[in-house]
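Report on one structure; see the data block that follows.
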Amino acid sequence: MKDYRIEFAKTGSLRYISHLDLNRCMIRAIRRSGLPAWYTEGFHPHLYLMFPLALSLGAESLCECMDVRLTEEVPEDEILTRLNAALPEGLRALRVGTPGREAVEIGSAVYEITLTGQDVRVRWEAFLAQESIPIEKKTKKGMKTVDIRPQITQEAVEETPDGLTLTLRLPAGNEGNLNASVVTDAFTAFTEGAVQCRRICRTKIFCLDGKVFF
Amino acid sequence: MLKDKIEAHLLEVQRPSRYSGGEVGQVVKDRDKVDVRFAFCFPDIYDVGMSHLGMKILYSLINSRENYWCERVFAPWPDYEAVMRREGIPLYGLESRDPIRAFDFIGFTLQYEMSFTAILNMLDLAGVPIRQSERGEAIAPIVCAGGPCACNAEPLCDFFDLFILGEGEEVNLELMDLYRTMRDAGATRSAFLREAAKIPGVYVPSLYDVTYHEDGTIEAVTPRDGAPAVVTKRVMTDMDKSFYPDSVVVPFIEIVHDRVSVEVLRGCIRGCRFCQAGSLYRPFREKSPETICAQGRALCESTGYDELSLSSLSTSDHSRIREVLDDLLCYTAERHINLSLPSLRVDNFSKDVLEKVTTIRKSGLTFAPEAGTQRLRDVINKNVTEEELMRTCTIAFEGGYTQVKLYFMMGLPTETDEDIEGIADLAQKVVNLFYDMPGRAKGKLQVSISTATFVPKPFTAFEFEPQVEKDEIIRRQQVLRRAIKSKKIKASMHVSDISQMEAALARGDRRLGAVLYDVWAAGGKLESWDEFFDAQRWYAAFEKNGLDPAFYANRTRPYDEVMPWDHLDYMVSKRFLIRENELAHQGVTTPSCREHCAGCGANKVLGRPCFPKEGDA
C-alpha cells in the first residue's frame with residue numbers, strides 16, 4: 001500500500017464542475033486508468049480519495065491536489081501517464097509525489113484574477129483603500145457581517161489592454177477561508193457593474209507556516 | 001463566438017455543467033469533415049435525458065459513421081432559459097456548441113406525453129419555425145421524432161416532418177443516407193419527405209388526410225402521394241447482431257439513473273393489459289449471455305462506472321439469467337461494481353442470488369401489485385399473487401429490510417370500492433407478516449403505498465377504456481384512507497389534472513396540435529414537472545379550440561371506432577387487443593407468452609414462434 005499526492009490543473013469548461021462532481025469524476029478516471037486503487041474495507045467499500053482543499057465552482061486552478069492510495073507501488077511517471085490518458089479535457093495531472101504536509105496545515109492560496117472594464121486600476125485602488133469591506137456572510141446562525149479587507153493581500157497587479165490582472169493571496173483551509181469570488185463580487189458591486197470578472201485561477205497553495213503546501 | 005457568450009453567463013445558473021458539455025465519452029468531430037449533422041434532442045432537462053438508454057444507443061450508432069455527427073441537446077431549466085432568451089443564445093449542441101437550427105436533422109425522442117410542450121419550446125429556442133408548414137422548401141432542418149409516444153404522435157403532427165416507428169438502429173441510418181443523397185442533388189423538403197415515406201417505419205404525417213364524423217370521432221385517414229396506407233414499426237430481429245455502444249457519455253453531475261446499462265432483452269412475455277411498453281416492444285427477443293457480459297464489461301471499462309444495470313421490462317424473464325449473473329458477478333465483485341436489476345421479479349430468485357445483486361438500495365424494497373384484489377389483478381392480467389408478495393417480503397425481512405414500497409394504480413377498469421379496500425388489506429398483511437416473524441430485523445417497519453391514476457394507452461387491451469374522472473379518484477382515495485388502520489402504513493396519493501391531460505394526449509388526434517401550441521404560447525414548457533404544470537392553461541387551450549379533454553380521456557370507445565393511430569402498425573393486432581379486452585371484463589387471465597402463445601401477431605416479423613417448442617423446426 002502506498003499513498004500518492006497528485007497535483008492537477010482544472011481549467012476551461014471544467015471550472016463549471018462542483019467539488020462533489022470533481023470527486024466522482026476523479027474516481028471514475030482512476031478506475032478507467034487501471035491503476036491499482038485501494039478500496040476501504042467494510043460493507044460499502046469505496047475508492048479512497050482525499051482532496052486537501054476544495055475549489056469553488058467557477059474557479060480554475062493550476063495547483064489542485066488529491067491524495068490517492070494504491071495497493072502497490074507504481075512509478076510516479078506511470079501514474080501520471082495512465083491518469084492523464086483517462087482524464088477529460090480540462091483536467092490534467094501535473095506532478096506526483098508523496099503526501100507531505102497535511103490538509104489542516106493549509107493557510108492561504110494565491111489567485112490570479114482577470115478583470116475587464118473601465119478604469120479598472122483606479123477603481124481597484126479605491127476599493128482596496130477602503131478602511132473596511134463589509135460582506136454579508138451566511139452562517140449556521142443566520143446572516144453575519146464580516147470585514148474582508150484585512151484578509152486581502154495584494155501580491156501583484158498588472159495592467160492589460162482591457163483591464164487588470166491581480167494576484168491576490170487569500171486565507172484558505174480550516175482556519176478560515178475566503179473565496180476569491182467573494183472579493184470579485186464585492187468589487188464588481190463596488191463599481192456598480194463597470195468592471196467584470198473574467199477569470200479566477202488558483203495558482204499556489206501555502207501552509208500556515210508560509211511554506212508551499214506541495 | 002457562441003461559446004464565449006455561453007461561458008460568460010454559465011455561473012449565473014444552477015448546475016452549469018448541464019450546459020457546457022465536455023464529458024468523458026462525448027464524440028467531437030471536425031465540423032468541416034462531416035456530411036450530415038444530427039441534433040438528438042431530449043425534451044426534458046439534462047439530468048433526466050442523460051439517463052435514457054435509447055439516446056445512448058442511437059448517439060453512438062450515428063457517430064459510428066465517420067461522416068455523420070450526432071450531438072446531444074436537452075431542455076434548459078428555467079434559470080438558463082431566461083439567460084438564453086435574454087442574451088440571444090440559441091439552442092445548441094453540447095458537443096460543438098453550434099446552434100442546432102443549422103443542423104440537418106433535429107430529432108426528438110418521445111418518452112412521455114407531458115414532454116410535448118417542451119418540444120415546442122425547444123424548437124422556439126432553436127430559432128426553428130414551430131409549425132412544419134412554416135418551414136418552407138429548404139430541406140434542412142428535418143424535424144423528426146421516435147420513441148414510444150410515436151405510436152400515437154397525432155397531437156404532434158403540426159410540428160414534425162416525420163416520425164420513426166419502432167426501433168431505430170437501422171432506419172435512422174437509412175433515413176440519413178437518403179437525406180444525404182437527396183440534399184446533394186438539390187431536393188426540396190417535400191420531395192425528400194415523399195421519398196422518406198417509402199422507407200419502412202417512416203411516417204410522414206403531412207401525407208395523410210384525416211376526416212372526422214360530426215360527433216368528433218375519426219371517419220377516415222387517407223394517404224396521399226404514394227404514402228403507404230399503413231406504416232409498420234421497425235424491429236431488430238437479432239439482438240446479438242443489433243448495434244450496442246461500447247462507450248457512453250459519462251456525466252459530471254449526478255443524473256437520475258447514474259449507471260451503465262446493458263439491455264438484456266426486448267419485449268415482455270407478461271401481457272399486463274394496462275402496459276403499453278409490454279405491447280409496443282414485442283416480440284420478445286433476448287441477447288445471449290455472452291453478448292450481455294461482453295457489453296457490460298466493455299461499458300464498465302470505458303466509463304469507470306461502479307454500477308452496472310441489466311435493464312429490460314422484466315430482466316428475470318431472460319431464459320438464461322442465472323448464467324448471465326454467475327458470469328457477471330465474477331467480474332463485478334472483483335472490480336467493486338454493483339450489479340443492479342431494476343426490474344427484477346424477486347419471486348424467481350433464491351436468497352443467495354438476491355444477496356449478491358443490488359436489487360434495491362439497502363433497507364428499501366419495491367413491489368408493484370398494481371391492484372388490491374386478486375379479482376382485479378386478474379382483470380389487468382398482472383399475474384402476481386398474494387402468496388408471491390408474502391414470500392418476497394419474507395425473504396426481504398429475513399435479509400434485514402424494514403421498508404416496503406407497494407405501487408398501485410387507481411381507476412383501473414371494473415374497479416370497485418372492494419378493490420380499493422384490498423390495497424389497505426394487502427399492506428396490512430405485510431405489516432402482520434413482519435410482526436409475526438420471530439427473527440425479524442430490528443428497526444422501524446414502514447409499508448408505503450403509492451397510487452397513481454390509471455391512464456389508458458394506445459396499443460393496449462385498455463385502449464377502449466374510459467379514464468376515471470378526477471372527482472371519483474378523490475372519492476376512492478378517501479375510501480383507501482379510511483381503510484388503512486395501521487400507523488405503519490403510509491399512503492402517498494396525490495391527484496392532479498396532469499393524468500387527464502396525459503390521457504387526452506395519449507389517445508388524442510391531430511386537432512390537439514392547436515391545443516399544444518396554445519398551452520406553449522401561454523407559457524407551458526416543462527409541463528411534466530408538477531411544479532410547472534398549470535391545469536388552467538390546458539383547460540383554457542382546450543376551450544379556445546372548441547375541444548373537450550373528456551372526449552379523449554374519459555369516453556368509452558367502441559371496438560369499431562377508427563382510432564387516431566389505426567394507420568400505424570405495431571405488430572400487435574387489433575383483434576388481439578379486443579380479445580384481451582373481452583377477457584379482462586370476464587376476469588380471465590392470459591398466460592405468459594412462454595407458457596402459451598396468445599397470438600398477438602408480433603412474431604410474424606421473426607418468421608417463427610417467439611418460443612419454439614421442442615420438435616419445432
Side-chain angles (χ1 to χ4, degrees), chain A residues 10-49 56-60 71 82-92 114 116 179-181 184-185 188 196-200, chain B residues 3-4 6-28 46-47 50 80 94-97 247-255 258-260 297-308 332-338 355 358 361-363 400:
Chain A
K10 183 175 182 256
T11 56
S13 336
L14 265 288
R15 69 184 181 278
Y16 302 115
I17 310 306
S18 71
H19 183 65
L20 215 68
D21 294 339
L22 174 73
N23 183 55
R24 205 170 24 237
C25 174
M26 281 295 185
I27 288 174
R28 285 175 187 155
I30 292 166
R31 292 175 58 91
R32 283 192 299 271
S33 74
L35 287 168
W38 180 81
Y39 284 75
T40 59
E41 316 279 339
F43 201 69
H44 290 296
H46 60 269
L47 192 149
Y48 174 79
L49 193 60
S56 56
L57 193 145
E60 300 184 45
T71 56
R82 282 165 79 168
L83 190 57
N84 274 326
L87 285 173
E89 198 186 319
L91 284 180
R92 180 144 195 85
T114 312
T116 58
N179 275 350
S181 64
T184 56
D185 285 351
T188 48
Q196 289 87 40
C197 174
R198 294 296 174 201
R199 181 168 176 264
I200 295 173
Chain B
K3 183 176 181 281
D4 297 334
I6 294 164
E7 300 211 330
H9 299 283
L10 275 182
L11 289 176
E12 296 165 26
V13 301
Q14 292 292 309
R15 305 189 114 184
S17 64
R18 283 170 175 161
Y19 314 110
S20 59
E23 307 95 324
V24 166
Q26 72 164 12
V27 179
V28 177
Y46 180 97
D47 321 35
M50 279 294 288
Y80 191 54
L94 283 181
E95 281 75 3
S96 66
R97 303 193 191 178
S247 149
V248 293
V249 182
V250 185
F252 291 116
I253 60 168
E254 206 166 0
I255 56 170
D258 212 3
R259 57 187 79 100
V260 282
R297 286 193 194 113
L299 281 170
C300 288
E301 265 145 45
S302 64
T303 62
Y305 261 106
D306 58 4
E307 189 169 344
L308 170 65
T332 56
E334 260 177 35
R335 288 164 183 79
H336 301 99
I337 296 168
N338 282 318
E355 275 162 9
T358 322
R361 294 261 161 240
K362 187 70 184 171
S363 88

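Each chain gets a letter, A, B and so on, in the order the sequences are listed, and its residues count up from 1.
Taking 4.5 Å as the heavy-atom cut-off, the residues of residues 7-17 of chain B that approach chain A are B:E7, B:L10, B:L11, B:P16, B:S17, ordered by number.
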- Show your reasoning for whether side chain to side chain contact (heavy atoms under 4.5 Å, CB included) applies to A:R28 and B:V250. CA-CA 9 Å; A:R28 285 175 187 155; B:V250 185; 3.5 Å; yes

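Using a 4.5 Å cut-off between heavy atoms, B:E254 contacts chain A through both its backbone and its side chain. Only the side chain of A:L14 has a heavy atom closer than 4.5 Å to any heavy atom of chain B.
Taking each heavy atom of A:R32 and B:S302 in turn, the nearest pair found is CD-O, 3.1 Å.
In this structure a side-chain-to-backbone donor-acceptor pair under 3.5 Å is present from A:R31 to B:R335.
Each of A:S18, A:S13, A:P88 was checked for a side chain to side chain contact (heavy atoms under 4.5 Å, CB included) with B:F252, and the lone residue meeting it is A:P88.
Within the model, atoms CG of B:D306 and CG of A:L47 stand 9.0 Å from one another, a figure rounded to the nearest 0.5 Å.
Remark: A:Y48 engages no residue in a ring-ring contact (aromatic ring centres under 6.0 Å, His included) (not counting sequence neighbours).
Atom CZ of A:R92 sits in a sparse spot, with 12 or fewer heavy atoms from other residues, nucleotides or ligands closer than 6.0 Å.
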